[in-house]
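What you see is a predicted model, and the numbers here were worked out from it, not measured in a lab.
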Protein chains: 2
Amino acid sequence: MQNPDRKDRPSRTGAVTMATVGRLAGVSQVTVSRALSDPAKVSPEAMVKIREAIEITGYVPNAIAGALASRRTRLITALVPSITNIVYSSLLHGFSDIMRGEGYQIMLSETGFNAGDEEAAIAAHLSRRPDGLLLTGIHHSVTARRMLMAAAIPVVEIWDMTETPIDCCVGFSHADTGRLAADFAISAGYRHAATLSAGDERAERRRFAFADRFATATGNTVTAIGLPIRTATLEMGRQGVARLVDEGLLQNRLESTVIHCSSDVIAHGALIEARTRGLRVPEDLAIIGFGDQDFAAHTDPSLTTIRIDRDQLGRAAAEALLSRFAGDTSAPSIRLVGFELMRRGSA
Amino acid sequence: MQNPDRKDRPSRTGAVTMATVGRLAGVSQVTVSRALSDPAKVSPEAMVKIREAIEITGYVPNAIAGALASRRTRLITALVPSITNIVYSSLLHGFSDIMRGEGYQIMLSETGFNAGDEEAAIAAHLSRRPDGLLLTGIHHSVTARRMLMAAAIPVVEIWDMTETPIDCCVGFSHADTGRLAADFAISAGYRHAATLSAGDERAERRRFAFADRFATATGNTVTAIGLPIRTATLEMGRQGVARLVDEGLLQNRLESTVIHCSSDVIAHGALIEARTRGLRVPEDLAIIGFGDQDFAAHTDPSLTTIRIDRDQLGRAAAEALLSRFAGDTSAPSIRLVGFELMRRGSA
DNA sequence: ATGAAAGCGCTAACAA
DNA sequence: TTGTTAGCGCTTTCAT
């Protein structure tokens, strides 16, 4: 048998609990709980006493216990390939901003770019019983999908597009951005092209779509340089142009050649290397980036690139989750985020 | 009175629990708990049955319940000014890497650069009962400090240095980096200087120390340009140099002038603007950055800057926390992280 | 408006 | 090696 008035006594761990606060305020533990979650249900006099008691004791609610009892954690967990990549961190910025405003906290993990890591990370995340989960990309292992379905929580997949999301999806078609770049390059009169692409799968899809479209339209083959990296660096952009020039891959047809880069960082490196070598951009060599990072408009020449509103994408992802929480079944489960080509000086 | 065998029955919420698994495996709920946390204490036969049952049911442990019972969350929460700033995200990268390896997860919040936000964020974080907490910077409100002390958990403050940390501190003196830059500039023969500095408090300390040292040594005043931002952009670097030139602040003494920038991004912008205007770097205008970001060695000319091993700093922070967890009282509570001036082409 | 009782799904003693 | 019991600090439900 347990001590009948155990609940209104301070815990034996020494921690300040609702019971401690209640005792000090002369009310029961439940009243303290109500005071915090629904003040309207507590009398003004009790409220004052409780507030005082909280102030005196320095009470900080225990969200762990609350979550266990209510089966709501107010936790959202997010998986991104890399937090040091501005592309993902800016997405999260918009996402967190909205979520935090609604009282949710974000737990974050980097998964790198391989699926095995992701599976383990998903399991770890699910053990925290998040109210919702954000995933970057649309390719997940069968086991991962099964775990997520079983968890029966809202899941939003971002930064890519699929007709068959686990739950909902907010993103765009990477291949379409490649085709947009190709169409622009063709209409701008470029007859030859090369690509500089990092090794990640989405970059590859952009590159392939660009090359395919460009080659089809011009009849010319597109030289592809694969960069042995997942995270873009200026250095790799410079090396890419260096190889293109040194290995004679541009074959003296500079005046009508454009380089499609998998990111603005690569493009910026390409720009620097071209100018270091005395090449004029875009006259000798034109350059197209991807991402419209904040520096893109301020390089010399400024970078022609594809713009995706990442902050907005993050916000849309948050809204997708929130409408799931609200039980809004009419909310679309697939949201296409737009992109546009920003024509500036480099192409 | 509660039903005597409630515990070995599936929960009424429909969720798969240890009790469900145990029933299927023909053992009690505790045995399942042991199988997961300390397999050596469970017979091989039981282990097999339990593993099967877990497989069949797709059981995912409930870390919330575990945390409540054990009073350990295996959660570390971190507060950073901004996740889109590579300086902080790369720190976190090293930190998370170590922590995750030790079985901890990271919950992240952005605090912006003001103390009021931080206080609310700290309270929210503490309610999750993290096993440890990471704070960026050393300036915290009295209330914040009190909450942290009361929580009685390991706290590590990073990216700055204080003799009186809340618990432990891993960082460096920002003023010292400014003085190092000044000493270098003086010995390199520069007689005039200007500063380009973002508005955050640490950047200001670097700037002030640089200007103070430089002015003292040369007898010349240092022109300060404050940039109205917290997060550095290429654009702001360009504007800074534009103002310096357009407003005649450099007064035709270009040949011996150096600009001290609060970050590599600002410095890179300065570089671009200088070259766009036909100024030679470093002959007409020399530039010193801060941070040694990965692009710094690959701009044209390459950037002279101050290097801090951020990844290492993050790891050291993780180790500080881990030695606290291990109860290692001999571990230093203050760790100074080194920095060095990387002399390259821009100064 | 307030409180008592029950229980969220685990871990931590303690027994057997 | 296994099981029993008693909580962890809350929320929920049902009385009063």
Whichever of Leu68(A) and Glu45(B) has its nearest DNA chain D nucleotide further upstream toward 5' | Glu45(B)
Counting distance only, does the side-chain N/O of Ser323(A) pair as donor-acceptor with the main-chain N or O of Glu319(A) below 3.5 Å?
-> yes
Selection from dC8(C), dG3(C), dC10(D) that lies nearest to any side-chain heavy atom of Asn62(A) | dC10(D)
Over all atoms of both residues, closest heavy-atom pair of Leu79(A) and Ala121(A) = CD2-CB, 3.7 Å
Contact class for Ala40(B) vs. all strands (heavy atom < 4.0 Å): base, sugar-phosphate, or nothing?
-> sugar-phosphate
Figure out the CG/P separation between Asp38(B) and dA13(C), and round it to whole Å.
-> 14 Å
Rounded off to whole Å, could you give me the CZ-to-P distance for the Arg129(A) and dC10(D) pair?
-> 21 Å
Phosphate oxygens OP1/OP2 of dG3(C): is one of them under 4.0 Å from a side-chain N or O of Thr31(A)?
-> yes
Distance from Thr77(B) atom OG1 to Leu108(B) atom CG, nearest 0.5 Å?
-> 9.0 Å
Return the value, rounded to whole Å, for the distance between atom NZ of Lys49(B) and atom C1' of dG3(D).
-> 18 Å
Under 4.0 Å between a side-chain N/O of Ser28(A) and OP1 or OP2 of dG3(C), yes or no?
-> yes
Has Tyr59(B) got a side-chain N or O lying under 4.0 Å from the OP1 or OP2 atom of dC10(C)?
-> yes
Quick one: side chains of residues 45-61 of chain A, donor-acceptor pairs under 3.5 Å with protein atoms, not counting sequence neighbours, listed by atom name and distance.
from, atom 1, to, atom 2, distance (Å)
Thr57(A), OG1, Ala53(A), O, 2.7
Thr57(A), OG1, Ile54(A), O, 3.3
Thr57(A), OG1, Tyr59(A), N, 3.3

Rounded to the nearest angstrom, tell me the gap between atom NZ in Lys41(B) and atom P in dA12(C).
-> 10 Å
Protein-to-nucleotide contact annotation, 5' to 3' order, nucleotides 11-16 of chain D [B base; S sugar-phosphate only; - none; under 4.0 Å, heavy atom] = BBB---
Set of residues satisfying salt bridge (Lys or Arg N to Asp or Glu O under 4.0 Å) with respect to Asp167(A), sequence neighbours excluded = Arg324(A)
Whole-Å distance separating the CD1 atom of Ile50(A) from the C1' atom of dC10(D) | 15 Å
Among Glu119(B), Glu157(B), Arg145(B), which residue meets the side chain to side chain donor-acceptor pair (under 3.5 Å) test with His140(B)?
-> Glu157(B)
Spacing between Ile64(A) atom CD1 and dG7(C) atom P, to the nearest angstrom | 23 Å
Does Ser90(B) reach the main-chain N or O of Asp311(B) with its side chain, forming a donor-acceptor pair under 3.5 Å?
-> no
